[in-house]
S.K.: 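I have a structure here, written as structure tokens, and I will follow up with some questions on it.
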Protein chains: 2
Amino acid sequence: MITIQKVAELAGVSVATVSRVINQKKAVSAKTREKVEKVMKEMQYEPNMLGRNLRTSQSNLIIVMVPTISNPFYVKIMKGIEDAALKEGFHIMLCMTDSQYEREEAYFHLIRQKLADGIISLDPGTNFSKLLNGSKKYPIIQCCEYSELEDVPYVAIDNKEAAYKASKHLIQLGHKRIALINTDEHYIYASHRKQGYLQALKDYQIPALEEYMLNVELNFEHGQRGMRKLLQLKEKPTAVFCVSDILAVGAIKEIMRGGYKIPQDIAVAGFDNIEFSYMMNPTLTTIAQPMYEMGAEAGRMLIQQIKNKEEKIENLLLDYELIIRESTMG
Amino acid sequence: MITIQKVAELAGVSVATVSRVINQKKAVSAKTREKVEKVMKEMQYEPNMLGRNLRTSQSNLIIVMVPTISNPFYVKIMKGIEDAALKEGFHIMLCMTDSQYEREEAYFHLIRQKLADGIISLDPGTNFSKLLNGSKKYPIIQCCEYSELEDVPYVAIDNKEAAYKASKHLIQLGHKRIALINTDEHYIYASHRKQGYLQALKDYQIPALEEYMLNVELNFEHGQRGMRKLLQLKEKPTAVFCVSDILAVGAIKEIMRGGYKIPQDIAVAGFDNIEFSYMMNPTLTTIAQPMYEMGAEAGRMLIQQIKNKEEKIENLLLDYELIIRESTMG
DNA sequence: GTGAAAGCGCTAACAA
DNA sequence: TTGTTAGCGCTTTCAC
């Protein structure tokens, strides 16, 4: 292995000078710089980052915690984070937590061990206060799905407003019996989306019925199962608002299995605009969050925090968009 | 920050002893071990991995190169890799290459820089000989989609056989006009799958028609576009074998847009068994690769290689399965 | 503009 | 079983 010492020796300078050249410091004469660069190139020298990391006590690695990457919602966010990271010389470590505290804890460990410089969490259930355990602050950003309880900066959209808009869309199509397939409301985003739904019903004088409001786990099967329940009601809903596309996909599957037509018999709206939402039959009406931008912003915010730990980071709310497709307007 | 020195001092032992305790070496008396562990706990000591990494010249990080994670095919593989890695104390860095050589090169750099110990590539297009550039060997494994040209160990399935089985299934349903939506055949897996398709046609005396064989890019839009072309033929195919589910999803979309029924008018088979293949309408007949196991095996093989660079790693072919669903047997 | 030297936190060879 | 010590490759302070 060729080290900085060897380069220094061959170039007839000190290691300090070589280090200056590597790190683009200006305090090097053009002549010396050229000489060193020539040797580095000839020897195919590659700085050993482990040495640098120990010395600078920084790893230039950031952890991205996701419950699972099987929800395609995360894909573009990841891409946004990665691009933002690369721009600043950081790399990302993908960590799937299955929303289990033990796994989050294990990953958080990497920060204490200096193996990573910061964390972006895409998991709404992350219990940061428990993870941080009162210790000094580590750089953390919540992305998309956040908890206001935690004093951790986040980038997200206004979920209440977005859910209101989606519900209003269904109402304006003439629907009066609108169901909500929601998920665990201790997630702030879920509770906000429900608030938006309820507000819309209220504003248009539609009674909110308990039996139309379900809370299920966030996956395809539970979307299906939830819909099955709704279809068993005497007064079936004519529209369903799912707080996640993956739930909507399950609901649609179940509706079609029951022989109903979408949107004629039952209209469906989702939330997230995952890629499959426009590939499926029917295509899915949904709320598009600016996923790439959210990821990119989260990355930017985190790195800012890593570089300047004192600085207070502001929360960020980005714009969303209602995308109307066949599942509500065949 | 609390270091090994401080722990040693407080426990009244040497740093060597503390190191031995940390690394579970046996050459420590129970009494000493207890004493040290007590201090570590009290002080909430966390070993600094940067120090260890520099000393051992190993990062315990492995790179997983994917063209993009927007193909859900990769999800379970990643999970398999991660689990295998965690078991051995490794973590994974997810690297999206967009199949661009420059990005692969950039990630490969991390290995030369000692920031990562090895690579698992899920990208069939990776040009390893160019990356390696004649230099000494680095630990690399190809997973699922490999190139035999490169002298790099791989774990995969027998693509020819699997494609044969899928094609045979269509033939046995009575189809005579079977199209193939394939992708760039300089990918070995694509060329193998085509071979399987052709072999099946041959074995059952069905002529292989040029106009039924398309090569497109591996995404939804190109699946759609490919299908559109096929639908414009005078003699439309009655069945389509797509070498990837994502292409099949596009094809199905286009078939339904044209007002045709699946599978009555046109049957569709895919390849990969991505999650959406059973969520969609109709559900998709496909080849299931043992994705999790492939990932896990790849992880295991890579770590074995990292730990013992001399050892020759054997290629591995795993079993696959034809999963018959509505898109061929409504 | 350049060099000498200290030291980041850890492991491991060697000595005791 | 335990301690002493060198040193992994790098950055950075302080002199010159």
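Proteins get letters first, then strands, A, B, ... in listed order; numbering begins at 1 in each.
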S.K.: Whether the A:Thr3 and A:Gln5 side chains hold a donor-acceptor pair (N or O, under 3.5 Å, no angle test) is what I'd like checked.
M.R.: yes
S.K.: Could you check which of D:dC10, C:dC10, D:dG3 has an atom nearest any side-chain atom of B:Ser14?
M.R.: D:dG3
S.K.: Can you find a donor-acceptor N/O pair under 3.5 angstrom joining the side chain of A:Arg20 to the base of C:dG3?
M.R.: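 Answer yes: a donor N or O sits under 3.5 Å from an acceptor.
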S.K.: Regarding A:Leu54, tell me which of base, sugar-phosphate or nothing describes its non-hydrogen contacts under 4.0 Å with the strands shown.
M.R.: base
S.K.: With a 4.0 Å cut-off on heavy atoms, is A:Ser19 in touch with a base, just the backbone sugar-phosphate, or nothing at all?
M.R.: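 If one applies the 4.0 Å heavy-atom cut-off, A:Ser19 turns out to touch a base.
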S.K.: To the side chain of A:Pro47, which of D:dC10, C:dC10, C:dC14 is closest?
M.R.: D:dC10
S.K.: By nearest heavy atom, map B:Gly51 and B:Lys31 onto DNA chain D; which one lands nearer the 5' end?
M.R.: B:Lys31
S.K.: Counting only distance, no hydrogens or angles, is the base of C:dG1 paired donor-acceptor with the side chain of A:Arg33 under 3.5 Å?
M.R.: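 When only heavy-atom distances are counted, A:Arg33 does not reach the base of C:dG1 through any donor-acceptor pair under 3.5 Å.
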S.K.: Counting the atoms with a prime plus P, OP1 and OP2 as sugar-phosphate, which does B:Val15 contact under 4.0 Å by heavy atoms, base, sugar-phosphate, or nothing?
M.R.: base
S.K.: Indicate, with a heavy-atom threshold strictly under 4.0 Å, whether A:Asn53 touches base, sugar-phosphate, or nothing.
M.R.: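 No contact.
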S.K.: Which pairs pass salt bridge (Lys or Arg N to Asp or Glu O under 4.0 Å) with one or both residues in residues 84-96 of chain B, sequence neighbours excluded?
M.R.: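 Residue pairs with at least one partner in residues 84-96 of chain B: B:Glu88-B:Lys307.
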S.K.: Taking atom CD of A:Glu311 as the centre, report whether more than 12 heavy atoms of other residues, nucleotides or ligands fall under 6.0 Å from it.
M.R.: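 Enclosed.
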S.K.: What's the shortest heavy-atom distance between A:Asn315 and A:Pro153, and which atoms?
M.R.: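 For A:Asn315 versus A:Pro153, the nearest heavy atoms are OD1-CA, 3.1 Å.
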S.K.: From the options D:dT1, C:dT11, C:dG9, select the nucleotide whose nearest atom is closest to the side chain of B:Thr56.
M.R.: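 So the nucleotide nearest the side chain must be C:dT11.
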S.K.: Of the candidate nucleotides C:dC10, D:dC10, C:dG3, which contains the atom at the shortest distance from the side chain of A:Thr3?
M.R.: D:dC10
S.K.: Between D:dT1, D:dG9, C:dA4, which nucleotide gets closest to the side-chain atoms of A:Ala16?
M.R.: C:dA4
